Amino acid sequence: MKTTLSIIKADTGSIGGHNRPSEAMLAKAVSEVESAKAKGLLTDARVTFTGDDIALLMVHSKGADNPDIHKLAWDTFVATTAIAKSQGLYGAGQDLLKDAFSGNVRGMGPGSAEIELEERPAEPFIVFAADKCGPGVFNYPLFEGFANPYHNAGLLLAPEMREGFTFTIMDVNNVDADRVITLKVPSDYYDICTLLRDPNHYVIESVTENASGLQAAASSTSRLHNISGKYVGKDDPVAIVRSQKTFPSTGEILSPWALAHFTLGDNRGSHHVAVMPVKQNSIISFFDGPTIVSAAGYCVHEGKLTEAVDLFDQPFWDLIRTKASEKTLSIRAQGFYGPAMAGMDELEYTGVVENLKRLGEKFTIRKK
Ligand code: F6R
Ligand code: MG
Ligand code: MG
């Protein structure tokens, strides 16, 4: 029997501003997934938070895109929204952009990533959850972790990985339908780079292993402003990555995060900052950020999860957190000038556009 890992995440309200969900909301989410376990819908589940988002990791045997699993997640977020409202929390129901559930959370607000797999004798995997950024935040670390021997030393040292990996990449600006392309490394390396250089437009959706055809990674691709037509909070994506043996090792997958790469997000979804790898259940703070990512390692066996290993809770990452803070402070010192703030097409609030329109009417053409 196959096992499915489904990670579905949403901001349904938070304390202090856009900082973290309340304990009562988290307790409600736990009770919802526990009762789904008791009814036999899930074989196991975990509830965590990253900044103001609640993430549900659900294990089951129903495959990806199963309506019962997606409805469970949606109903859980409706229930945590009700708690947030009853407590007077900020942004209650922020990511629930549609009134009625229609079979799948994709296109409705929550971020989701799912992999259906035949369990290996040992099945290690990592769940990444990011806050205050778009789904393109995973482009750099996923591509480097799978395709670049600077990080994935297994490409050189482990013969079984020599055939490389296939990347399915989505054009997330195409709102009417999923517009995707499938490209392989090593043969299509430069073509993939050409797309991934624009992480607000082209986003890695999945990675499969060329030699076996097995899926190694899945990442969420939803862009909230494309769904709602206006800014309603950043997308705050999730990803699942299988590791070890013929896949990159857990450490190889984590390696690119040591760059603390710049991404678009942070305050008002409109600033470039460095991604900070954080411990599980970390909050949002400085400048409504910085953009954060957490990484939980698990093994799944016969549908049951082990306890999590908090992969960024290790002294090495303290240095990277300091580096991320320094990089963020460095670009923040530039305020709104040039690359510090998003370009016009990615500005998430309308103030600048409206001001430019008003000022445009006051411009005059100088006579020669
Ligand atoms: C970014 C984010 C925050 C808000 C900011 C203003 O994703 O959630 O930076 O954009 O706090 O929030 P509102 O517009 O809700 O007052
Ligand atoms: Mg929020
Ligand atoms: Mg969030």
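Residues: numbered from 1 along the sequence shown. These figures come from a predicted structure and were not determined experimentally. Numbering of ligands and ligand atoms starts at 1, following listing order.
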Subject >> K9/D53 ion pair, N-O < 4.0 Å >> reply: yes
Original post:
Among the N, O or S atoms that H18 has, which is closest to the Mg ion (ligand 2)?
Top reply: ND1
Subject >> Name, closest N/O/S atom of D131 to the Mg ion (ligand 3) >> reply: OD1
Subject >> Test log, rule side-chain contact (heavy atoms from CB on, under 4.5 Å), inputs V207 and T166 >> reply: CA-CA 6 Å; V207 184; T166 294; over 6 Å; no
Original post:
Are T291 and D266 close enough that a side-chain donor and a side-chain acceptor fall under 3.5 Å?
Top reply: no
Original post:
N/O/S of D236 less than 2.8 Å from the Mg ion (ligand 3)?
Top reply: yes
**OP:** Measure centre to centre between the rings of Y140 and W257, then say whether the value is under 6.0 Å.
**Re:** no
**OP:** Output yes when D188 and K184 qualify as a salt bridge under the 4.0 Å nitrogen-oxygen rule, no when they do not.
**Re:** no
Original post:
Is there an N/O/S atom in D95 at a distance below 2.8 Å from the Mg ion (ligand 2)?
Top reply: no
Original post:
When the ring planes of F312 and W317 are compared, do they come out parallel, tilted or perpendicular, using 30° and 60° as the limits?
Top reply: perpendicular
**OP:** Sort out the contact shell of ligand 1: every protein residue with a heavy-atom distance below 4.0 Å, listed by chain and number.
**Re:** H18, Y90, K132, Y231, K234, D266, N267, R268, G269, D288, Y349
Subject >> N, O or S from D53 under 2.8 Å to the Mg ion (ligand 2) >> reply: no
Original post:
Are E348 and H271 close enough that a side-chain donor and a side-chain acceptor fall under 3.5 Å?
Top reply: no
Subject >> Donor-acceptor side-chain pairing of S294 and T50 below 3.5 angstrom >> reply: yes
Donor-acceptor list for residues 17-36 side chains, cut-off 3.5 Å, not counting sequence neighbours:
unit_1: H18; atom_1: ND1; unit_2: Q94; atom_2: OE1; d: 3.2
unit_1: N19; atom_1: OD1; unit_2: G17; atom_2: N; d: 3.1
unit_1: N19; atom_1: ND2; unit_2: I284; atom_2: O; d: 2.8
unit_1: R20; atom_1: NH2; unit_2: E23; atom_2: OE2; d: 3.0
unit_1: S22; atom_1: OG; unit_2: M25; atom_2: N; d: 3.2
unit_1: S22; atom_1: OG; unit_2: Q87; atom_2: OE1; d: 2.6
unit_1: S31; atom_1: OG; unit_2: K28; atom_2: O; d: 3.1
unit_1: S35; atom_1: OG; unit_2: E32; atom_2: O; d: 3.3

**OP:** Could you please compute the angle at the Mg ion (ligand 2) from OD2 of D52 to OE1 of Q94, rounded to 10°?
**Re:** 180°
Original post:
Taking just the N, O or S atoms of D11, which one is nearest to the Mg ion (ligand 2)?
Top reply: OD2
